[in-house]
Amino acid sequence: MAIDETNAAGAGAAAGGKRNFIHDIIDEHNRTGRFGGRVHTRFPPEPNGYLHVGHAASICLNFGIAETYGGKTNLRFDDTNPTKEDQEYIDAIIRDIHWLGFEWANLLYASDYFEQLYQWAETLIQNGKAYVDQLSADEIREHRGTLTEPGRNSPHRDRPTAESLDRFRRMRAGEFKNGEMVLRAKIDMSSPNINLRDPVLYRILHAHHPRTGDAWCIYPMYDWAHGQSDSIEGITHSICTLEFEDHRPLYDWFVEQLGIYHPQQIEFARVNVTTMITSKRKLLRLVKDGVVRGWDDPRMPTISAMRRRGYTPKAIRDFVEMVGVSRSGGIADIQMLEYCVRQDLNKIAPRTMAVLHPIKVVLTNYPEGQVEWFDSPVNPEDPTAGTRQVPFSKELYIEAEDFMETPPPKFYRLSPGKEVRLRSAYFVTCSEVIKDADGRIVELRCTYDPATRGGDAPDGRKVKATLHWVSAAHAVTAEVRLYDYLLTVPKSGDMDEDKDFMEYVNPNSLEIIDHAYIEPSITGAPVGKQVQFERVGYFTVDPDSTAEKLVFNRTVTLKDEWTKLQKQGG
RNA sequence: AGAGGGAUAGUUCAAUGGUAGAACAGCGGCCUUUGGAGCCGUCAGUCCUGGUUCGAGCCCAGGUCCCUCUGCCA
């Protein structure tokens, strides 16, 4: 089955979000007329992995800013390193941004500008601002100096312009092997900003590029490609993360040297979330090592994974807005995300009864062979959603954890002699506990009160608990996958620096229930369908589902007062 | 140690020289045919030391702590 994308947010995603410091900067630009009142942002992913929750924040920021100011946003792939990039990632990124509910003004690639970037590089050489260096990578590193010591000039730094030009052209022509030469900007080897110590502009990479094929064997570095791409596209505000702050002088230097349109780079703090890894390198390892089933494994922090898990675009956008934008890095509690997911799903997810860990209940005074169909609300939060019909009979399943033979204080659910309500059906009282030879409970005998039909007692008596249930004869069997956090510590800072992060991968992050019982109204649910299993949590139909057997992912649990009480009790 | 940034409730953000607020989390209560949802209440903070000012989270000085940077990655 394919993912049902009909639940993707339409165009016109939620408004730009709450105010942040970038609005102040743009307002100032508009006041001074720097960009003529224009706002044009871009989202520039490198297609070397799947987008994750941190990218979602950047996407919402860039598209949100443009929307707030009536501007535009380009999607531009930063595809300058063919050894790491792949068409699969390009396709996934496009799918994910669309699913989040955003539409770009232009779909572009840095590789669209390779020829222009090359010409500008020749200009730089001709102006004496760049040179071909043939030091090895090790030698360049050695010449670069350290954080506290200045670097030294390359012996090739002052070679004649014509010689650099000739060699650069021959680099392009493919006359040299990988690593033999590079083009470097001629700036200042003693700059305290290491990015300004004659940064490499081009390296030789005899590699096939997903878009330009074998047309090039030299590829521009990020610093050389990014600002000029922004300039070409008329980007006004080039929003990136904090680690590029040190690169801004270089960004500015290039466009000034070239005398071309000058966008404004603005840095903000990357969004991190507890228990979520946002290092592409580590995510790639989880995938390659088979710790997870793929980039879209519902335990992953990728947008694809969150979609498969049942998160909604609205929930993710709400979360990003809740976290906000700042220049002081931090780590947001994943409970904020979960709150947003519950908040959205509570309003839209149809209710269903499903028993994950069944225990059989026999109603001793219920007529053999009788079946009643009860109306139950599809969604109590949304009366217009109507009702569904749920079959009831003599033999039922309830959740094993809803029964305790010797209940502790505050356990409101079923126990011997205790009366509870079965949701939308009857009050029942437990009369007998049947055990097997090993003393394990295998069945409960209960009586029902016919007068409580529909779930209300005409004499006004109350019960403390309402349980979900499924008629044994009508139950649909399904596989249910329960997920826990992928990491055993909330923050990467909580890990021992000497240990590999793999040691902190939660070995119990996936629990598979092969035979859950679900009420028959679930039959035919399409992939991507989101439901609430009452009293249990929100679930969605996984693409692994077949016509014979549905597979569900647990999106998020419901808040659970009882579990909390138990934990408090020790 | 050099350069660049950052420090406000447990967490993420507001407060733009004039009463330090919100959300999430926590705690307590109300309500409930989901121990859900909702509603109400509550706990809790300006990194430190000086200075300017009628008044400082905000401005100034000094300090402390944290983050980023020594890829032919982005």
Side-chain angles (χ1 to χ4, degrees), chain A residues 18-21 24 44-46 48 78 80-81 83-85 133 135-137 140-142 144-151 178-184 191-197 199-205 219 221-223 225-226 240-249 267 269 271 273-274 280-281 319 321-333 335-340 342-343 346-347 351 353 376-377 380-381 410-413 421-425 454-456 462-468 490 493 532-537 557-565:
Chain A
K18 65 184 178 191
R19 259 196 94 77
N20 60 58
F21 76 95
D24 297 340
E46 183 191 14
N48 68 342
D78 224 329
T80 58
N81 186 351
T83 66
K84 292 189 175 175
E85 296 152 9
D133 199 355
L135 253 29
S136 70
I140 286 180
R141 184 179 314 121
E142 195 265 321
R144 186 157 31 228
T146 68
L147 295 179
T148 52
E149 306 156 35
N178 288 358
E180 238 180 289
M181 302 190 183
V182 292
L183 182 72
R184 300 178 72 179
S191 171
N193 181 345
I194 292 178
N195 297 118
L196 263 22
R197 318 240 263 231
V200 172
L201 270 40
Y202 275 92
R203 76 284 217 191
I204 299 169
L205 247 34
Y219 291 93
M221 298 287 290
Y222 165 85
D223 286 307
H226 202 89
C240 60
T241 44
L242 249 29
E243 67 267 28
F244 291 102
E245 197 156 13
D246 294 342
H247 294 242
R248 180 157 26 96
E267 310 85 16
V271 169
V273 184
T274 55
K280 277 197 197 172
R281 205 194 89 252
F319 166 70
E321 176 161 348
M322 186 184 274
V323 168
V325 182
S326 77
R327 284 178 62 85
S328 55
I331 184 159
D333 195 327
Q335 289 186 96
M336 286 187 185
L337 214 204
E338 292 175 347
Y339 171 86
C340 293
R342 291 190 184 104
Q343 175 113 329
N346 178 47
K347 294 195 191 86
R351 271 52 170 175
M353 288 195 284
S376 195
E381 300 292 315
K410 293 189 180 171
F411 183 83
Y412 303 153
R413 283 111 96 148
R421 171 167 41 235
L422 295 181
R423 173 81 160 145
S424 300
D456 268 320
K462 302 287 184 193
V463 288
K464 288 284 273 181
T466 299
L467 308 187
H468 60 280
Q532 183 197 97
F533 290 166
E534 291 196 83
R535 302 208 307 130
V536 179
T557 61
L558 258 25
K559 273 172 61 183
D560 183 356
E561 200 71 21
W562 171 239
T563 302
K564 206 168 73 181
L565 274 172

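These numbers come from a predicted model, not from an experiment.
At a threshold of 4.0 angstrom between heavy atoms, the contacts of Met221(A) are confined to the sugar-phosphate backbone, with no base atom among them. Across all strands, Asp456(A) comes closer than 4.0 Å to base atoms (heavy-atom distances). Contact annotation for His468(A): no contact, since no heavy-atom pair falls under 4.0 Å across all strands. In this structure, Leu196(A) reaches neither bases nor backbone, as no heavy-atom distance under 4.0 Å exists between it and the strands shown.
The separation of G28(B) from A20(B), taken at their C1' atoms, amounts to 25 Å, rounded to a whole angstrom.
Paired runs in RNA chain B that reach 3 or more consecutive Watson-Crick or G-U pairs, where each pair keeps both distances under 3.5 Å, cover B:2-7 with B:64-69, B:10-13 with B:21-24, B:26-30 with B:38-42, B:47-51 with B:59-63.
In this structure, the CZ atom of Arg351(A) is 8 Å from the C1' atom of A37(B), given to the nearest Å.
At C72(B), none of the side-chain N or O atoms of Arg184(A) fall inside 4.0 Å of OP1 or OP2 (strictly under the cut-off). Between Arg144(A) and the phosphate of G71(B), there is a side-chain N or O to OP1/OP2 separation shorter than 4.0 Å.
Side-chain contact of Gln335(A) with Tyr339(A): a donor-acceptor pair under 3.5 Å is absent, judged by distance alone.
G5(B) adopts an anti glycosidic conformation, its chi angle falling more than 90° from 0.
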Just the table, please: protein N/O against nucleotides 22-25 of chain B N/O, every pair under 3.5 Å.
| from | atom 1 | to | atom 2 | distance (Å) |
| --- | --- | --- | --- | --- |
| C24(B) | OP1 | Tyr339(A) | OH | 2.8 |

